[in-house]
Structure formats: C-alpha cells, structure tokens
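Residue numbering restarts at 1 for every chain, and letters A, B, ... go by the order of the sequence lines.
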Amino acid sequence: MCLSIPSKVISINGNKAMVSAGGTEYEASIQLLDDVEVDDYVLIHTGFAIQKISEEEAIKTFDLIKALDAIEDEIDKEDKR
Amino acid sequence: MKYIDEFRDKEMVELLIKKISSITTKDIALMEVCGGHTWAIQKFGIPSLLPKNIRLLSGPGCPVCVTSKKFIDQAVAFSRLKDVIITTYGDLIRVPGSTSSLNIEKSKGGDIRIVYSILDALQIAKENLTKKIIFLGIGFETTAPSSAAGVFNALNENISNFFLFSSHKIMPPAMAALIDEGVTINGYIAPGHVSVITGSHIYDEIPTKYGVGCVISGFEPTDILQSIYMLVKQIHDNNFSVEIQYKRVVKPEGNIKAQEIMKEVFTLRDDWWRGLGILKNSGLAVNEKYSNLDAEKMIPVIVEETKEEKGCICGEILKGLKKPKECKLFGKVCTTSNPVGACMVSHEGACNAYFRFNN
C-alpha cells in the first residue's frame with residue numbers, strides 16, 4: 001500500500017509531470033511538491049509525487065555503511081569491558 | 001533501476017550482517033511497523049541472515065489488514081446501489097466482508113473498478129455524471145494526502161458526483177498502543193513512506209515515554225539491515241532516540257505541503273483497528289467543510305451486521321504476538337488464492353508474505 005516508486009521526471013506541464021520508472025513512462029501529479037524540475041528523481045505513490053530523492057543523501061548513506069568497517073575495533077573493545 | 005539496485009549490494013549486506021552480529025548477544029525483538037517492510041523482509045530473506053538473538057515481529061502497518069470488516073460490509077452495501085460506481089485500490093477487492101466481498105459483488109454485476117490513483121476516480125466521475133462515484137480511501141499518512149488532494153480537487157473543479165469513503169488511519173497511536181498492551185518491543189523499524197509525509201517528529205514520544213528507539217527505514221536490503229544495526233546499537237548503548245536511515249527521502253519536517261492538504265480536508269476521529277480495537281484519534285474523517293463529498297454523510301445505506309470469521313488469528317498476528325504459522329488455518333484453509341483473513345489478502349499482510357516467501 002505504501003509502495004512508492006523512484007521515478008525520473010521527463011517533462012512538466014502545470015501540476016502534472018511525465019515520469020519514467022524502469023523504462024515505463026506515465027503521468028503523475030506534482031501537486032504535493034514544490035520546485036520539481038525535469039531530471040529530478042521523485043518518489044511516486046498512488047499517482048502523486050510525494051518527495052524528491054536526494055542524490056547527496058543517498059551517497060552519504062553508502063559512505064556511512066562502508067565506514068562501519070573501520071569502527072569494528074571500538075565496538076569489540078566495549079563488549080570486552 | 002536507480003535508487004534500487006545500488007541498495008541491494010552484496011558486499012554492503014555482508015558487512016552490515018557482520019556488524020549487527022558483533023554488537024551484542026542479548027535477545028532483541030524489533031518490530032517492523034509497515035507492511036511494505038514486512039513484504040521486503042520476507043522477500044529478501046532478512047530473518048535468515050540475522051543472528052538468532054535478533055527477532056523481527058510484523059506490526060499493524062498493513063492498511064488492508066487493520067481495516068474493519070464493517071468498512072468492507074459498508075462498501076459492499078454501497079456497491080449494491082444502482083446509481084453507484086465503486087472505485088478502489090486493488091488490495092481491497094478480495095478482502096472478505098461478513099457475507100460477501102467486492103470481488104463477489106463485481107462478479108454479480110456490481111460496478112466496481114480498480115484504479116491506481118484517486119485521480120483516475122475523479123476522471124470516472126467526470127465521464128459518468130448520472131452516477132455517484134465512491135472512492136474507498138484506505139491507507140496511512142502516505143496515502144491520505146492523495147485522498148485529500150482528490151477531495152480538494154473535486155470541490156475546486158465542481159465535481160459534485162464524487163465521494164470519499166474514508167478509512168484512513170494514522171500510525172503513532174497504534175505504535176503506542178502496542179507498547180501499552182505489553183507487547184515486548186525493543187525497537188521500531190519505523191515506516192519510511194509514512195515518514196516522507198509526516199517527518200520524524202511524530203515518533204518523538206516513543207523513545208522519551210517508553211524508552212524504545214525508532215529508526216525510519218528504507219525498503220531495500222541494505223536500508224533494512226542498516227536500520228537494524230542502528231537500533232541494535234541504540235539498545236547496546238542504552239541511548240534511545242528517533243533516527244532517520246532513509247535520509248534520501250525523509251526529512252525531519254516531512255512534506256509540509258502534503259501535511260497541509262491533509263489538515264485542510266480531514267479531521268481526527270477515534271477509529272477501530274483489527275487486533276487493537278478502538279484507538280483514540282487514530283482515524284481520519286472528512287471534515288465539515290468537505291462534508292458534501294463524504295460518502296458516509298451523503299449516501300445513506302443499510303449495512304448488514306458484522307460477523308467475524310472463526311479461527312482466524314489476524315488480530316494477534318498484527319500485534320506481533322503470534323506468527324502466521326501458529327494459525328490453524330494458515331496454508332490449509334487460508335491461502336493466497338482463498339484468503340480467510342485480511343492478513344492473507346494484501347501483499348503487505350504478514351500471512352501473505354510468509355505464505356509466498358517462507359512456506
């Protein structure tokens with residue numbers, strides 16, 4: 001029910017946008033978002049774009065996961081105390 | 001697909017599992033609240049990857065599952081009216097009511113149409129001016145703004161034959177109720193797309209009042225595992241808070257525009273949840289300003305007496321107290337092709353997800 005699909009904005013016409021997900025293009029409302037631009041990635045839920053996807057935050061998430069390798073010793077030390 | 005494939009990276013999954021296993025050997029029970037998480041967790045086999053001391057419980061976040069049978073019975077009654085077209089998301093059509101379902105009514109000739117969006121229902125209303133078009137509004141804060149936008153647009157475009165029948169609910173009262181009822185939960189994997197709309201502050205009471213952490217999670221394997229890591233770390237450090245793992249779309253303040261349109265159209269009311277009963281201020285009713293578009297107020301109908309099915313333990317499953325396999329009906333009488341309870345109908349229901357991926 002709460003499934004939302006990451007989709008790329010292809011074109012905008014007023015409150016409507018053509019978006020593309022996995023090669024399928026369809027129309028969605030951008031009524032619930034401000035400042036949507038062509039080439040933005042948005043989450044689509046029940047025909048509405050509900051949020052823009054931040055590339056910067058996606059990269060930060062990867063960096064955080066990869067950085068976990070380095071803090072292994074610290075956690076092990078805590079457990080041994 | 002961008003923003004999906006990269007979050008299924010094998011090396012990151014392996015690293016996260018190693019990290020989760022190295023923090024603590026304490027027994028920990030984490031609840032994924034959202035049905036989308038339940039589906040993803042079963043699909044990706046997450047429980048089989050985790051150390052034995054970490055258990056995942058499925059929660060009440062499948063809208064179809066918690067919707068009352070009375071709502072289905074009333075939708076069935078609406079569908080029997082000659083001048084009504086029912087428009088609904090596909091999930092709801094196979095949910096059994098007391099003596100019928102929308103699917104059965106459709107096979108008997110009822111005009112019941114599955115739509116992808118409330119915007120499709122508005123289009124049907126414009127094309128069928130002699131009919132009353134009722135849209136069945138179910139879902140949590142993720143879906144409620146689109147229903148609100150549909151009602152708002154109907155009023156502003158003078159579409160007078162469109163009506164919303166709302167069973168929309170909000171998540172935090174159910175999360176608090178589960179802890180109040182004594183269900184053992186050491187951390188919440190909090191719903192990602194609900195939080196896209198609401199922001200993170202709606203969960204603030206859970207750590208401060210109950211000492212239970214919340215991590216708002218995305219839906220891909222590395223998202224879910226990173227969220228589990230963050231929760232286990234909170235438990236290990238005895239430092240509970242609301243954290244956002246799903247930062248690429250969830251902002252602390254949420255989507256203000258979506259929140260505003262919900263406030264414009266809806267008002268809070270007490271609502272009934274399968275398994276939890278009536279929870280104060282947990283449902284969304286169409287408010288007075290939009291009452292001309294409220295199916296409950298505008299379209300009188302006689303609804304049959306609600307009868308619950310015998311033997312179905314959907315309610316206990318929704319509270320994380322029992323697993324689907326503990327139900328006598330599971331996989332025998334109750335299957336995905338012949339569901340007895342709502343939890344077997346929806347893809348997000350715990351029984352459906354267990355049956356598909358785990359049976």
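In this structure, the portion of B/Lys251 lying under 4.5 Å from any heavy atom of chain A is its side chain and not its backbone. Contacts of A/Leu43 with chain B are made by side-chain atoms alone, with heavy-atom separations under 4.5 Å and no backbone atom involved. No part of A/Ile59 comes within reach of chain B, as not one of its non-hydrogen atoms sits under 4.5 angstrom from that chain. Neither the backbone nor the side chain of B/Asp9 comes within contact range of chain A, judged by heavy atoms closer than 4.5 Å. Interface remark: A/Ala21 contributes backbone and side-chain atoms alike to the contact with chain B (heavy atom separation under 4.5 Å).
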Q: Applying side-chain contact (heavy atoms from CB on, under 4.5 Å), run through A/Glu57 and B/Tyr246 and close with a yes or a no.
A: CA-CA 9 Å; A/Glu57 290 293 347; B/Tyr246 199 22; over 6 Å; no
**Q.** Derivation of the side-chain contact (heavy atoms from CB on, under 4.5 Å) call for A/Tyr41 and B/Tyr3
**A.** CA-CA 9 Å; A/Tyr41 274 81; B/Tyr3 296 113; 3.5 Å; yes
Q) Does the salt bridge (Lys or Arg N to Asp or Glu O under 4.0 Å) test come out yes or no for B/Arg248 and A/Glu56, once each step is laid out? A) CA-CA 8 Å; B/Arg248 58 189 182 276; A/Glu56 195 189 334; over 6 Å; no
Q. For B/Lys18 and A/Asp69, what are the C-alpha separation, side-chain angles and deciding distance, and is it a salt bridge (Lys or Arg N to Asp or Glu O under 4.0 Å)?
A. CA-CA 9 Å; B/Lys18 191 176 106 189; A/Asp69 231 357; 3.6 Å; yes
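Here B/Glu6 is the residue among B/His347, B/Glu6, B/Gln245 with the most heavy-atom pairs under 4.5 Å with chain A. Put simply, of B/Ala258, B/Ala148, B/Ala149, the one with the most heavy-atom pairs under 4.5 Å next to chain A is B/Ala149. Your options are B/Ile256, B/Asn153, B/Val250, and the one with the most heavy-atom pairs under 4.5 Å with chain A is B/Asn153. Each of A/Lys8, A/Glu55, A/Lys52 has some count of heavy-atom pairs under 4.5 Å with chain B, and the biggest count is that of A/Glu55.
Counted within 6.0 Å of NZ on A/Lys16, heavy atoms from surrounding residues, nucleotides or ligands total 12 or fewer; the atom is thus considered open.
In the model, A/Thr61 has no side-chain atom that pairs as donor or acceptor with a side-chain atom of B/Gln226 under 3.5 Å. A donor-acceptor contact under 3.5 angstrom links the side chains of B/Gln234 and B/Glu243, judged on distance only.
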